[in-house]
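See below for the structure under consideration.
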Amino acid sequence: MGQGLGAGRRAGADIGVLSRAKAGGSKYICAVSGELFSCRAPMKSWSQTFIPTLKESPSDAEIASHKLLLRAGLVRKLGGGLYTYLPAGLRVVQKISQICREEMDREGAIELAMPFVHPVDHWREGPRWAAAREIMYRVDHAGDGRRPPKEPEFVLGPTHEEIITPLVKTEITSYRDLPKNFYQIGTKFRNEIRPRYGLMRAREFIMKDAYSFDATDEAAVASYNRMKRAYGAFFSRCGLKTIAVEADTGVMGGSFSHEFMVPAPVGDDDIVYCEESGYSANREKATSGLVPPDLPDAAPDGALEEFATPGVVTIAALAAAPYHVAPDRQFKTLVYVGDGKPFLVVLRGCDDLEEAKLGALGFQLWRPATPEEIEPIMGAKPGSLGTVRGTLRNPGALAGIFADHAIRLVGNGTTGANRDGFHLRHVNVTRDLAITRWGDFRTVRAGEPDPQSGRPLKIARAIEVGHVFKLGTKYSEKFGAIYTDDQKQTHPLVMGCYGIGISRTLQAIIEQSNDADGIIWPWAVAPWQVLVVNLDPQDPAASELCRRLGEAAEAAGADVLLDDRSERPGVKFKDADLIGLPLRLTVGGKGLKEGIFELKWRTGKEVRKVPVAEAATVVAAAVREAAGRA
RNA sequence: CGGGGUGUAGCUUAGCCUGGUAGAGCGCCUGGUUUGGGACCAGGAGGUCGCGAGUUCGAAUCUCGCCGCCCCGACCA
């Protein structure tokens with residue numbers, strides 16, 4: 001039973017904690033040393049492992065991949081966003097992790113492992129404590145039974161910039177040590193406001209995170225591009241179709257970033273793209289060519305005029321009779337609070353604010369102002385607000401008035417008078433509006449012209465499975481992570497950070513690859529690649545043939561699961577389709593009499609009858625062919 | 001955090017409106033008959049009806065509070 005083991009086992013796998021002898025004398029290593037290491041074990045039989053399949057899916061599962069995770073016996077739920085990986089699910093995690101390691105190593109990244117529990121001071125000293133604290137689980141000190149202090153002594157790590165940067169600060173001080181890129185694969189903890197869809201958005205999840213450190217900006221861009229390349233290779237090897245889109249850097253900060261997205265209706269993000277030009281961006285970041293760069297400012301079309309609009313507090317009401325001001329002829333004024341100070345955003349009446357784009361304004365935290373806050377600031381209630389010079393009660397109290405470029409398309413329009421029940425018409429953008437800064441703040445809509453080709457943009461839902469950030473020096477400056485160059489000059493390290501949701505990738509693969517009968521695993525990530533179904537486990541001849549088929553598949557490099565259960569054939573076939581192993585080899589008394597067994601791919605319908613005499617060669621060829629495609 | 005649901009056996013659920021012995025299917029256990037796409041027969045085990053108060057002679061059912069879970073929104077490194 002041993003051939004094939006040596007070939008497939010990862011070099012160095014014996015750093016694992018457990019090794020034992022199996023009946024028959026072949027040894028194998030099962031390595032789980034705090035983290036997840038892949039291992040090859042010899043043929044496992046269904047009755048020896050634990051794959052609790054379900055006919056019906058639990059009622060709290062909504063989407064296909066979540067149902068299949070549960071039905072195929074890959075995971076079980078502990079609580080909202082908290083899941084146990086059962087043996088088959090863990091194997092997939094290990095396979096994905098191993099592919100990830102190989103692609104990271106190929107690009108020169110170095111694996112390490114950082115603690116899950118972080119002293120809170122590291123976060124306090126970092127640049128985003130205010131924003132990050134809300135999503136972190138707090139840990140009472142040392143479980144001594146006392147009530148939690150107002151501020152926790154420890155937090156559970158949602159990510160590791162605050163941990164790796166101080167480490168690198170003390171360990172790397174010379175340009176000679178650069179570049180470096182450290183990565184780890186481990187559990188992350190985030191207090192998601194709303195966990196959902198199984199592993200898709202969980203409170204605790206498995207992530208690969210990497211952090212690059214370079215001497216120069218150019219070198220950092222090169223590191224970034226290497227990671228981007230590694231991500232493409234990784235997802236492709238996992239059998240997952242992804243597209244890289246320009247993305248918002250969010251609280252992470254930094255100069256630019258790309259997300260790796262899996263198009264799927266159940267995704268949490270919208271991606272905006274144009275097939276012709278190749279433009280693609282997260283909706284939070286996406287821009288359109290709606291406003292021509294050479295658009296001349298409109299000339300005033302008349303003198304400012306206040307008019308009464310009793311009870312009109314919405315765009316729609318002003319668009320209706322008797323006013324008939326089309327939404328795209330209105331200026332919409334929104335009040336926000338950024339780091340404690342109010343500011344205004346001006347948009348066209350027909351446009352929506354893309355809140356993420358406010359990140360460009362430099363605030364750490366921002367939120368819509370409450371109606372109670374708005375009235376003292378503006379002198380009017382929401383619905384009658386505007387930014388016409390002279391109507392603002394106290395412009396000095398504002399952190400700024402930020403206008404979206406698209407209001408230039410309005411030219412002359414209507415806006416609130418900052419007096420309840422009154423609006424102003426003939427408002428000219430250049431002449432009348434008090435604007436401190438222009439920007440892109442609106443949400444792009446499908447059909448708007450692509451900024452590059454001018455073709456209509458499309459929008460689709462997608463799942464974010466990976467994200468690469470060029471961070472710059474935000475963290476290194478804050479933590480004082482500097483190095484000395486060959487001219488004895490000191491500089492902050494230029495950083496990048498790179499995440500892959502391993503557990504989310506697992507579920508995204510299922511979401512992208514399933515049918516009415518169950519999962520269809522891509523070869524490279526299948527918990528096992530070959531399922532040998534023994535329909536007559538009591539028959540020694542059938543068992544013997546199954547053993548031979550399994551050994552042949554293993555020798556060719558496949559992981560083999562043998563269904564040796566005393567179940568009826570129908571049950572076994574249904575379960576086989578459900579757990580979705582790529583290649584099924586079926587042995588039954590009926591075929592055995594004819595001297596054949598059956599070979600069937602999970603992706604197809606065709607059942608190929610193979611003479612027993614050709615077993616070894618046919619199985620080996622099938623395995624090699626599948627492995628070659630993967 | 002707002003809105004809407006929901007909680008009955010391991011899973012899927014009926015019963016709740018209109019209070020009166022908690023039921024079914026799947027799964028599980030025993031025996032038998034079966035054996036190539038989720039078998040059949042017979043028998044059996046398994047329930048503090050989410051938790052806590054209240055109303056009532058009597059509560060799965062009505063009332064109040066709490067908790068869990070799901071969906072929508074907000075939020076999301």
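Proteins get letters first, then strands, A, B, ... in listed order; numbering begins at 1 in each. The model shown is predicted, which means the values in this text are computed figures rather than measured ones.
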Exercise. Check every strand shown and say whether A:Arg71 touches a base, only sugar-phosphate, or nothing at a heavy-atom separation below 4.0 Å.
Key: base

Checklist entry - Roughly how far apart, to the nearest Å, are B:rG25 and B:rA14 at atom C1'? => result 11 Å

Item to complete: Look at the rings of A:Tyr498 and A:Tyr224 and say which category their plane angle falls in: under 30° parallel, 30 to 60° tilted, over 60° perpendicular.
Response: tilted

Is A:Arg196 near enough to B:rC72 that one of its side-chain N or O atoms lies under 4.0 angstrom from OP1 or OP2? yes

Can you tell me how far C1' in B:rC76 sits from the matching atom in B:rC17, rounded to whole Å?
41 Å

Checking N1-N3 plus N6-O4 or O6-N4 for Watson-Crick, or N1-O2 and O6-N3 for wobble, each under 3.5 Å, the partner of B:rC1 is B:rG73

Rounded to whole Å, CZ of A:Arg565 lies from C1' of B:rG27 at a distance of 13 Å

When rounded to whole Å, the CG to P distance for the pair A:Asp352 and B:rG73 reads 14 Å

Between B:rG52 and B:rG46, how many Å separate the two C1' atoms, rounded to a whole number? 26 Å

Scanning all shown strands, the Watson-Crick or wobble mate of B:rG38 with both distances under 3.5 Å is none

*asked:* Please report the distance separating the P of B:rG43 from the corresponding atom of B:rA24, rounded so that it comes out in whole Å.
replied: 13 Å

**Request:** Have a look at A:Tyr197 and say if it touches a base, only the backbone sugar-phosphate, or nothing, with a 4.0 Å heavy-atom cut-off.
**Result:** sugar-phosphate

In A:Asp352, A:Asp269, A:Asp270, A:Asp248, the residue satisfying salt bridge (Lys or Arg N to Asp or Glu O under 4.0 Å) with A:Arg283 is A:Asp270

Between B:rG7 and B:rC11, how far apart are the two C1' atoms, rounded to whole Å? 15 Å

Rounded to whole Å, NZ of A:Lys470 lies from P of B:rA77 at a distance of 19 Å

note: A:Lys77, atom NZ; B:rG68, atom C1'; distance rounded to Å ~ 9 Å

What's the gap between B:rC69 and B:rU30 when it is taken at their C1' atoms, as a whole Å value? 37 Å

Answer for the Watson-Crick or wobble partner of B:rU6, both distances under 3.5 Å, is B:rG68

Look for any protein N or O under 3.5 Å of an N or O in nucleotides 11-15 of chain B and output each such pair with its distance, or none.
{"unit_1": "B:rU12", "atom_1": "OP1", "unit_2": "A:Ser59", "atom_2": "N", "d": "2.3"}
{"unit_1": "B:rU12", "atom_1": "OP1", "unit_2": "A:Ser59", "atom_2": "OG", "d": "3.2"}
{"unit_1": "B:rU12", "atom_1": "O4'", "unit_2": "A:Glu56", "atom_2": "OE1", "d": "3.4"}
{"unit_1": "B:rU12", "atom_1": "O2'", "unit_2": "A:Glu56", "atom_2": "OE2", "d": "3.4"}

Base, sugar-phosphate, or nothing for A:Glu355, non-hydrogen atoms under 4.0 angstrom? sugar-phosphate

Polar atom pairs (N or O), protein with nucleotides 45-50 of chain B, under 3.5 Å:
none

B:rC67 and B:rG50, which share atom name C1', separated by this distance in whole Å: 7 Å

Heavy-atom contacts, protein to nucleotides 29-37 of chain B, under 4.0 Å, summarised as B (base), S (sugar-phosphate only) or - (none) per nt, yield -----BSBB

Check: Is there a donor-acceptor pair closer than 3.5 Å between any side-chain N or O of A:Asp404 and the backbone N or O of A:Phe441?
Finding: yes

For B:rC16, the nucleotide meeting Watson-Crick or G-U wobble distances (both under 3.5 Å) is none

Rounded distance in Å between the C1' positions of B:rG20 and B:rU13: 23 Å

As its Watson-Crick or G-U partner within any shown strand, both distances under 3.5 Å, B:rU21 has none

Could you check whether A:Lys572 gets within reach of a base, just the sugar-phosphate, or nothing at all, counting any heavy atom under 4.0 Å? nothing

